[in-house]
Structure formats: structure tokens, C-alpha cells
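Reading through the C-alpha cells given below for one structure.
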Amino acid sequence: MGRNVISDEEDELEVDEEGEPMEGDNINDRDPDDEDEEDEDGQDEYENDGFIVDDVEDEDVDEDEEREDSDEERRKKKKKRKKKEAEDLDEDDYELLRENDVNVPKGSKKFKRLKKARRDFDEEQFGLSDDEFDGGMKGSATAEEKLKRTLFGDDDGQPLEDIAEDEEPIEEEEDGDMGEEDEMADFIVEEDEEHGASVRRKKMKNKKSRHAPDVSSSALKEAIDIFGDVDELLLLRKQGLDSSEQKEGRLEDQFEPTVLSEKYMTEKDDQIRMTDVPERMQISEESTGTPPIDELSIIEESTWIFNQLINGAVPLFGKERQDHFINKDDIMRFLDLTHVQKLDIPFIAMYRKEQCLTLLQDPEQHDVDDDQDKSEKAPTMKWHRVLWAIQDLDRKWLLLQKRKSGLQLHYNKRFEEESRRIYDEPRLNLNQQLFESILKDLRGAESEREVDDVDAKFNLHFPPGEVGVDEGQYKRPKRRSQYSICNKAGLWEVASKFGYSAEQLGAHLSLEKMDDELEDAKETPEEIASNFTCAMFETPQAVLKGARHMAAVEISCEPSVKRCVRNIFMDNAVVSTSPTPDGKIAIDSFHQFAGVKWLREKPLTRFDDAQWLLIQKAEEEKLLQVTIKLPEKFLNKLIKECNDQYLSNGVSKSAQQWNEQRKLILHDALFGFLLPSMEKEARSLLASRAKNRLLLEYGKDLWNKVSVGPYQKKESDVSSDEETAPRVMACCWGPGKPATTFVMLDSSGEVLDVLYTAALTLRSQNVHDQQRKKNDQQRVLKFMTDHQPHVVVLGAVNLSCTRLKDDIYEIIFKMVEENPRDVGHEMDELSIVYGDESLPRLYENSRISTDQLPGQSGIVRRAVALGRYLQNPLAMVATLCGPGKEILSWKLNPMENFLTADEKYGMIEQVLVDVTNQVGLDANLAASHEWLFAPLQFISGLGPRKAASLQRSLVRVGTIFTRKDFLSAHGLDKKVFVNAVAFLRVRRSGLAANSSQFIDLLDDTRIHPESYLVAQELAKDVYDEDLKGDNDDEDALEMAIEHVRDRPGLLKRLRLDNYLKSKDRQNKRETFYDIRRELIQGFQDWHKPYKEPSQDEEFFMISGETEDTLAEGRIVQATVRRVQGGRAICALESGLTGIIMKEDYADDWRDIIELSDRLHEGDILTCKIKSIQKNRYQVFLVCKDSEMRSNRHQHVQNLDPYYHEERSSIQSEQEKARKEKELAKKHFKPRMIVHPRFQNITADEAVEYLCDKEPGESIVRPSSRGPSYLTLTLKVYDGVYAHKEIVEGGKEHKDITSLLRIGKTLKIGEDTFEDLDERKKSWLAP
């Protein structure tokens, strides 16, 4: 009897070896699992190494098998014997098996016994005899199947012997022929071998048709559910480990989500990239939903947008010029172009001008439409603010519609719930009417504000239902409003008796319809109310009060009433401000809030800048009190109007009583609810208007920076291509570590060379330092001679830069003097311009700079940005608009901190899209110089994702020779291609510069490919006219375009209007003007020309000050550097030089013999700015007491016409004293002196302290003249006090802390003391 042996590890091989077909065996009974099982355990597989002894069963092999090679047979037997020896299990192992429900007979020592027990169990279950098991099923029950049986038991599964009997023998025989050694070999050898792979495939195929003969399908299914599908695992194993490595996990599993989103590699980004709709449009539609494209929707929306523009909802138009020029049909056509045709704003502005001409005018300029001017005058860049405003309103409209449809669904559902809950017929009817009027109001709502009104009314009448007990054990406590309490008590019936409903009152006020005369009830209000008393409302008065409250709340929540009150309030309300006690002290004439400190009754309609944001901030800081109210005149008018519409004309006593109740209701509704809510609305309206204005200012500031062209080379700088940027030498001043650095950039902005000069700016007279400085000058001289820059740009950061500029000029003069031949004559006129370092510093610290300039130090990266900004401001700004959005840190407007990052970036994107598309992007040049690709994301139709994909494609190919390739080779889809292609230039630049491949001249113009035929026709007509011939050659078209390009006069002389008439193309007038201009010169530069910084700009760049921080009359701290003759030279905190003349030092200046007696180096003074000399970077200061106290300079610039300081509110004596105290405190710095006679107090506080002390007592306190002085206050007798100045000497000036400590010597008049104790003994002693 054959014995099968199972071991944890060797089971599969065991079966393989015993499971070869033997004579008389039924081949069909074998299962392919036994052959494939070797793969199952992966790398922990048993290796057939001939170590384990074979089982006894090998002696029972068939005669067929005995014919095999005897050596091989011996080797196998040896293996089996070794295996047998290694097979014994410890008792612990058996114990473990038993614990895991494997049936192990007690006292088993060998696995053989375990196997036998298992087999006995099988025989019992399936009724198999030993012989049957040995014969028919030998080898067919693999270890895997037996394990399955052990784990899952068995249902009476149908054995698979009878399935697919016909096909199996052939395949099995093929497998069998290979012999077991072949199979082992296949396992060990590389798995690429075709033979092995094919055999495995057969086995897999075979396996699919069957499963283990003694395992039921349900048990197998259970196993698959737990362990996964074995087939898949085997397939993976068969393909080898390589294939599983190839099948990399998803990117999401390998990278942080932030990294993926930064690189635009998420699934959503892929979706955006693949969709053929402009990217920015897709992003917008994510929040608004897909816009409706039917004609009715577009008409409705264009009407709404037109009304919004006329009502001034968008801050587009100046005070004097209103928007009468906008045509409503143009708005409709614009919406059709964006919603239906999916065209981006830059495309519409350039190539669909005829369809929306009135929307292209600049609201702040008068466009000249004169024919001559159009062709002669070079066009300038236009910021298409009206188009952007319409796009913004379009977005608001779509969001409004989305909200309205969402609310309607919610209301319907809520109303149905409420109707099921109520069984009272009158109440149901009332609810039905309310619901219908709410839906009508919702449909008519035209702004978020009006939708809020409708929502408030709905929530009042249909409050969110009580949570049922079944919805959860715990309920949040609900605040029940007074209205719902009254409503539950049934007071709505009393409220309905007061007369007109809130809805009727709204209809009367808005004059929609007038109801019949109001009939008063016969009973008095008390009589009716007495029928409704209850535990909650015990008296008729309480009932009436509750009912009045309900009526007032209903009126205040009625949309038509609110609309009427809102119109009156917003048109007539006024704002007043006055300072709080803190504000009176803190807000001086130089304070940020000085201009809004005293506003008197400024109408809401006159707030047309960002002023409200300052008022709001001052109020938050508790420096201002702000009131918004309706002037008396308009308030009375509103009350009268409401009374007229709500009260009855009855004269009976009960009618008068009812009218009294109605008056109370109206008073409550207006003063309790409507006016306070209007004040809140007014605040938010003012805030949003102010933000819009500020955002526009922010946009203008950015526009002024990016619409400027590159530095213009001098006329004498002759170069092959007038379009190439200048070669720039950029210089950043360094304090020593890092050293002052020079970087040379070629005309493409790539770094050619770097030079560090540590000693160039030394001012020392030391011989060694002088020699080092000379060496550095020589190195800079050689650097400039080698590279011949067109311009030098110097980062303006502090006063050292002015001296550095002189040093560089000195080197240039030396260069021209010594080598006039080597140096081109253009070096004579080489200019050094100051550059602003604010953007380069952002670039230096950005991640993109380390990617673009790996291995370069920070100061080099800064210098590169400084030079590139001069060559291409737009590309440099766009570089900082990557995933990090570093551009948001660029300070453009002093009030920009009121804007959120998203608001700012939206405006940045708008401006950069407009500028980029009017300038165009040179695809070939950018393919060679990565930094020039930065503006690509702002090209029409693209965005960061599509641009990144296009950039990779262009860089991979290196050159592009025709615009058509953007569609075919570079994967732009049709709609995106149409939007983007005309803004991408294809010209001989970058790697294409030396190519002989043909490039169409029209591909380097702003002419869209859709108009190429028209442009060729126009050129050919002019060409034929000029040559008086008719040439229909293939080449004639190209020649015609070259001909008119070389002779621009031909096109300029063409009377285009007559030409269009002859061609019947008057409807394309704008397009033809553009085509003519582009044929004369393709991509003509529309930038504003670069201007060198003015003297004022240079002064503020170098000093780091602004007009606000440095103005005459401002108080500043100055440190004395040296005293000579009658003046002291000081340094301000910004590094500017301050000068104090003797007569400005003190009121008793005539008594001062030498200024050096009073002032010493290192003294810190509190002074006022007397005057500023910008050309010499110096300010004149004054610090005498009379000037410090005077308010001569304290006037607020550009006073608001509503600014009225209330002189009548002259403060009380206390207030005045408090103010002086605060001012005195402002003038001294607390000192770090520990002494019983010293206190950090003001003069007034010192007098107060001494008032109850004996005469002769004294106190020492800080002086208002700075940290080099103290003041001794001495009580002479009651009411008489002397203040003596103590001059400190021998102080260290290394830092402010040393200065604030007491000096080594103290001098009062001519007497000198070493410390305060000695001073007290000798000076105060009688």
C-alpha cells in the first residue's frame, strides 16, 4: 500500500515525484495542481538538492519508470531517503497541529502516522478502500487540497473525474513526457525559456477546467475568498518577479499627495489634461457646474449681467465716465462664445473683436477709432477688464442658479414633510399660500442677498423639524425662537387678525398692487386676545405682545418689504466715525487711520475706494467708533410710508386701538429687526465694494510691472536680431559673507560667468586692504572686457550700493581709457541701472531657483533673477507663479494684506493671461531655455497642467517648424489648439536658428491659422497690384508675403475700407486691420518701453522707506556718528544720513559754545524730520523741545471732503493730561538701571511722586533727549520743582542694551560724579 507523505514545506514536490502516471492509473484522476504547486510557495520553495532520503514508496514504481536512466533514479531515491530522515517532528509540533484542528493521533512520532490517520478519516468519509486510494487516486490529492480539506472539511462535492475527460489525457501526457526532472529544471533555470513558459501556460489552462476532486466548490470558493485566487498568484509567479516589479503600484501609493498635486500628477489632473476644454474653464466649471447653452438661458443671463454692470456692481468705471457704451447683444455673443464654443478670453479679445466690440474698450480711456491712426499708431497692451468682469459675473450668475435650484429641491421636500404633519385645514391652506409665494420669490431673486431673504422667510414658516426619537438616542439641544413658541401656542391666529399680512404690506410698499380698504375687526384687540390665553400667555396683554412679535418678525422676514427698506437704506444711509479715548492718543497725523479719524455723515454711495477696510480695522482695534444710520429725514419718510400702507383709515374706538397695535408692530419690525439687519448688510456691502476696488488697484500695480518691455539696447548696439534681449551683467551687493557678486548673463538669460569680489567696496585706508581692492577692480575690469555687457544692473538695497555704482563707473572709465581698441565704442555709453531686489529675493528663496540653477549660491540666484527681470519681466514674474505661488509674497500695494491669497492670485492670473497672450511665447527659444517657458501656463486655453505636458513634449523634440505640429506631434486637442495656437510663435530661434527647414512667415505673426488664407489673399492682391501682373504659382503666395513684408509702405498705403467693400467683407474690418499690421511686422512689441528708475524711485529703493514712513514732521530715532563744528552727523535706522545743526539741537542753542560738549558719538536722539534731500540721501533733523511739541507738520494729506474734526469736543482736563502723559512716554526709552533713587517715569509722574515728600527729596528718571541723558527732578519746596540734566559719559556703543545701561560718569553742569550715590552725597549736600 502506497503511503503519501505530507510535510509543511515539501508537500508539493512529494506529490510531484509520486504523481507521475503509472501503468494502470487513470491519468484523468490527476490534477494539474500537483504540477503547478511548485510555484505556489514562491521563494520559500523546497530545493531538490538530493539531501533528504526518499520514501519507501519509491520501490513500488512501475516498469515504465524503471526504464529511466538508472543514475537519475538512484539520485532520486537518495533524495527521498534524505527527505525521510529530516521528517521527524517534535511533540511540540504535533501539539501545535492539534491546536489548529489538524487531526493528529496521540503519540505520533512520524509524519507517516499523521498521514495514515488523515487517510483513514478520508476513507470513512468517502468510502474509499486502501486499494482504491493507492490506485485510482494516488497522487491526485495534492498537499494543497488535503490542507483545504483539513481546514474547511468537505461538502459532498462532485469529484471532477468525469469532467472534460476527452481533452485531458493529451495535455497530461504532454506534461508527463517532460519528466519530473524537466519540471524541476524549469523551476530553477531562468523563466524566460520559451519551452518552460509554454508548458506552464498549458498547465494553467488545464487547471482552469478543474479543481481538487475531493473538495466541494463551496469550500473552494470560501478558500478563494479568504486567500485570494490561486490562479492569479500562479500566473504572476509564472511571469516571474520582473513582471510584478514592472507592474508598479499606483503613483498615489508611492508619493505623498502634496507632491503629486504640486506636480499635477493626480487622477483629477490627468482628467483635466485629457479633456478638450480650456483648463481654466474646466477649473471654474468644477464649482459652477456646466453652464446651460440654450438660447433662453443665455438671454436671461446677459440681461442680468448688463443690469449688474449698469448698477455699478463691478468697480470698472471712473467717477466721471459711466458705462453707456456697453451693448447687451455683445454680452450675449460673448456668453455664446465662452459657453457654447468654449473660447477663452484672450482668443475672443483678439480674434472675435467684431462680435463684442463694445466690451473691448478700456473703461478709463477714450479709444480713437480713426482709420489713419489705427495703422500708423503702434498698438499698446490692453487689459480687457470688461471681459474679465463679465466672466466674473457669469460665474456669480451660475453659482446663484445652482443655489436656487438646490434650495427649491430642499423646500419641496421640507414642505411635503410639514404637510404630512399638519391636519388643521386653515393652517394647511395658509402654508400652501406661503409656500407658493416663497417659490415665486425664489424664482424672482436676482442676487445672493435676495435668495438669503427668501431662505429666511422659508426657515421662519417651515423651521427644521424636530428630530424623531428613532433618529438617534442623543439630540442636540435646540434653541427655540420666541416666534416658534408663539406659533405653537396658536397666536398665529391673533397675528392674522391685525390686518394686512406681511406679504400684502410688501406689495403695497413696492406699489405692485393695492388691496381693498382695510376692515377693522368689530371686537377690540383685548377681546380677541382673551380667547387665546394659556399657561404660556396668561393675560390678553401677553397674548397681544406675542402676536405683535409674530407679526413684526414676519414683516422683517418678508422679501418684498426688505427689498423696499434696503433700497432706501443703501441709497441714503451715512457713516460717521470718531476716535475712542485710545484712538485719540494712538492716531496721530502720520497714523494709518489718520484720514478716517473724524468722518461726519459720509454717504454709503461715496465710498469708492478701499477706505472702508481701514475703518473696519480701526474699529476692530478699538480705536474708532463707527455708526451707520439713516438720516432723520429719510427715516421719518420711511415710517410714514409704512404707516400709510399698514394702518386703517377707521375712526372708531376699536379701529384706533387696532392702529395702536399696528404702530407698535411697525416700530418693532423697523427698529428691532429691519434697520439693524440693514446696518449689517451695509457693512458687508461696503467691505466687498472696498475689496473689489483694492483688488483692482492691486491688479493695476502688477500690470504696471509686467507690461513693461525688456531693457532697450542702445542704437549703437548693432546685433543680428533686434529681438534678442541685451547681455546683462547683474551685480548684488554683499556685506562680505556673501561677497559682492557679479553674474554675466547671455541674451537668453543663461549664466556665462560668476565673479565674487570681497574687497571691491572696502573704504579702509589700510595698505593691505587697498591692495585687495585694487586686485578686485582688475578682476572686474577683465570680467567686463571679456564679456562686453550691454547694461549693468545693480540691486538697490542700501547706501553702500551708491558707492558701489561709483566704483563700477570708475572701472568702466579705466577700461575705455586703457584699451580703447579692444573695447567696443558702445562701452563708452554703458549704463548702470538700479534694480529692485524684492522679486529676486523671492526667487532666491524659492524651490524653483534651486531646480533651475542647481549648485549655485543664494546670492548668484538672486543676481540671475535681477538680470533676467531686466531681460524679460513677464517670464520672471511668471516663474514665481508655480505650485509654490511665491509671487503672493511680492509686496505690490500697501493695503494688500486686506486681500486673501486666493483673491490676489485670481487677479495675478487675470493680468498675466492678458499680458502673455498679447506678447506671445517663442516656442523654439523656450525649448532651449527652460525659464522662458514660465508664462506658457497663461497662454489662452492652457493652464499649469496642459502647459507642463506641452512643455515636456517640446523639450523632448527640441524644435518645431510649423504651428500644425502643436495639434499632431504635441498632443493639443482641437478646441485647446484653436484657443492657444496663435499666441505661440514659431520662428528661427533656439535650436531652429541654424536649420534650413522651411518655416512659414505667418507662423511668426499674431494671425490665427483660421485666417491664413485671407492673409495670403490680401498679400497677393497687394503684390499683384504692385507688380501689375497675375501670377498663380505655388510659390507666389510665399513670395507675396515676403514682398509686402519687405515693402511695408504698400500695405500702409492700402485703403483698407475700400478693399473690404470690394471684397464684401466689411463685417471683418477689425480682423483685417490686425492682419495688415501683422503682415507689416509679425509680433511687433506692444510692451510699454522700459524706463530707468526716477530719482525718487531710486531713493525709496535704496533707503527702503516709503513716502508714508519718511515724511517731514515724522518722529525718528537717530544715532550720533560724529560731531564737527556746529553740526552733528547722525545715522537713521534705514542707513540714511541725518544732520542736526546747532540751532536745531536745543532752544538755548545760543548758550552752547561747542556742540561736542553736549553731544557725543553713539548718543541716541529722538528727532523730527525737518527736510529731506533725496539726491544726497540725507535728511535734516530737529530735536529742540519747541519743535517737538509743535503740530506744524501735522496735516493729513488728501483730506476726505467729509473729514471734520470736532473742535467742540475739546477734551476734558483729565483727557488732556492723559494725552500729554502718553506723548511724554513716547519720547523716552525705559532705561535698564537698578537704583532706589531711579524710576522709569515721566516728568509729570515724578512731580506727582514727590508732591507728598519733604523738600530736598529727589528722583532720577530717563530724559526725553535719548539714552545718553538722565534727568534729576528735585523738590525745592511745595509746588516748586527743579529739573536738572545729567549727561552720561564712558558708555559702550556696541548695541542698544549697552546704551540703555547707566554711564561710567555722570555730569551735572560742571560737576562730574561716578555713580548716583556720590551724586546724592556731594551735589545735594547743603
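The structure displayed is predicted, hence computed values, not measured ones.
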Salt bridge [X]-[Y], side-chain N to carboxylate O under 4.0 Å:
{"X": "Arg1114", "Y": "Glu1105", "answer": "no"}
{"X": "Lys1275", "Y": "Glu1254", "answer": "no"}
{"X": "Asp608", "Y": "Arg693", "answer": "no"}
{"X": "Lys617", "Y": "Glu620", "answer": "no"}

Might you point out which heavy atoms bring [X] and [Y] nearest each other, and give the distance in Å?
{"X": "Gly795", "Y": "Leu866", "result": "N-CD2, 3.3 Å"}
{"X": "Thr1271", "Y": "Ser1263", "result": "OG1-CB, 3.5 Å"}
{"X": "Thr577", "Y": "Val596", "result": "OG1-O, 2.8 Å"}
{"X": "Ala796", "Y": "Ile1102", "result": "CB-CG1, 3.7 Å"}

Would you please say whether a donor-acceptor pair under 3.5 Å links the side chains of [X] and [Y]?
{"X": "Thr1242", "Y": "Asp1244", "value": "no"}
{"X": "Arg1261", "Y": "Thr1273", "value": "yes"}
{"X": "Gln1117", "Y": "Thr1166", "value": "yes"}

Determine whether [X] and [Y] make a side-chain contact, defined as any pair of heavy atoms from C-beta on separated by less than 4.5 Å.
{"X": "Leu686", "Y": "Val575", "value": "yes"}
{"X": "Leu1136", "Y": "Phe1099", "value": "yes"}
{"X": "Leu1181", "Y": "Leu1165", "value": "no"}
{"X": "Tyr843", "Y": "Glu886", "value": "no"}
{"X": "Ser764", "Y": "Gln770", "value": "no"}
{"X": "His1235", "Y": "Val1260", "value": "no"}
{"X": "Arg841", "Y": "Val797", "value": "yes"}
{"X": "Lys805", "Y": "Tyr834", "value": "yes"}

- Query: Parallel under 30°, tilted from 30 to 60°, perpendicular over 60°: which one fits the rings of Phe607 and Trp612?
  - Reply: perpendicular
- Message: Ring-plane angle category for Phe813 and Tyr809, please: parallel below 30°, perpendicular beyond 60°, tilted otherwise.
- Response: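 If you compare the ring of Phe813 with that of Tyr809, the planes turn out parallel.
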Donor-acceptor pair, side chain of [X] and main chain of [Y], under 3.5 angstrom:
{"X": "Asp1163", "Y": "Val1120", "value": "no"}
{"X": "Glu1097", "Y": "Ser1094", "value": "yes"}
{"X": "Lys773", "Y": "Leu762", "value": "yes"}
{"X": "Thr740", "Y": "Gly734", "value": "yes"}
{"X": "Thr580", "Y": "Lys622", "value": "yes"}
{"X": "Asn893", "Y": "Leu694", "value": "no"}

- Does Lys691 count as lying over the ring of Phe898, i.e. NZ or CZ under 6.0 Å from the six-ring centre, within 45 degrees of the axis?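 No, Lys691 does not sit over the ring of Phe898.
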- Test side-chain contact (heavy atoms from CB on, under 4.5 Å) applied to Leu804 and Asp806, Ile808, Thr802, the passing residue: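 Exactly one option meets the side-chain contact (heavy atoms from CB on, under 4.5 Å) with Leu804, and it is Ile808.
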- Could you give me the CA-CA distance, side-chain angles and deciding distance for Asp1311 and Lys1284, then say whether salt bridge (charged side-chain N to carboxylate O under 4.0 Å, His left out) is met? CA-CA 12 Å; Asp1311 302 323; Lys1284 278 289 177 185; over 6 Å; no
- Message: Checking salt bridge (Lys or Arg N to Asp or Glu O under 4.0 Å) between Glu1288 and each of Lys1307, Lys1304, Arg1231, which is the one that passes?
- Response: Arg1231
